[in-house]
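Data first, discussion second: the structure below is written as structure tokens.
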Amino acid sequence: MLLVFSLPALFAAWFFWRGWGHDPALAAATELVRRDGIAHQVLGEDIHVTGIESRNFAYAWGLFSENAYTVDLEGSLGSGTLDIHSHTGRSGVKIDTLRLTGPDGRRYDLMTHAILPSAPGTIDNSI
């Protein structure tokens with residue numbers, strides 16, 4: 001009985017420890033970031049995931065899954081975070097949103113290659 005109740009906790013612990021590295025949506029998103037010119041300007045070379053801050057997901061057996069991640073990234077110029085929203089359907093994984101926050105707090109939409117407004121409460125020192 002104890003094993004039945006501990007299985008969800010064990011799975012969650014495995015996912016946050018190592019399992020997130022095998023998620024196809026996360027793998028696709030990190031590969032897109034590694035090839036993105038804006039990400040290279042902001043984070044530098046050798047961009048890699050150093051951790052996961054959060055994950056939210058919805059799943060309907062055999063129909064779809066939706067994922068929302070916030071992951072920590074690091075490159076040769078510094079570290080930042082990446083917000084990823086994706087869904088998986090019958091046609092495979094589709095990345096809906098990739099938003100990068102750089103070391104200086106500036107935010108970028110990597111899907112449209114646009115600079116986003118600063119988050120509320122932050123000071124924008126750009127000219």
Please tabulate, for side-chain N and O atoms in residues 72-86, each donor-acceptor pair with protein atoms closer than 3.5 Å (sequence neighbours left out).
residue	atom	partner	partner atom	Å
S76	OG	E45	N	2.9
D83	OD1	T70	OG1	2.8

- Task: Compare every heavy atom of V42 with every heavy atom of P103, then report the nearest pair and how far apart it is.
- Result: CD-CG1, 3.7 Å
- Sequence neighbours excluded, the answer for side chain to side chain contact (heavy atoms under 4.5 Å, CB included) partners of L32 is I95, L98
- Item | Listed partners of D46 passing side chain to side chain donor-acceptor pair (under 3.5 Å), at least two apart | none
- Note on the structure: Sequence neighbours excluded, the answer for side chain to side chain contact (heavy atoms under 4.5 Å, CB included) partners of D109 is R99, M111, T112, L116
- Query: Considering residues at least two apart in sequence or located in another chain, which fulfil the side chain to side chain donor-acceptor pair (under 3.5 Å) criterion with H48?
  - Reply: none
- Item | Pairs meeting criterion side chain to side chain donor-acceptor pair (under 3.5 Å) with involvement of residues 28-37, two or more places apart | E31-R35, D36-H113
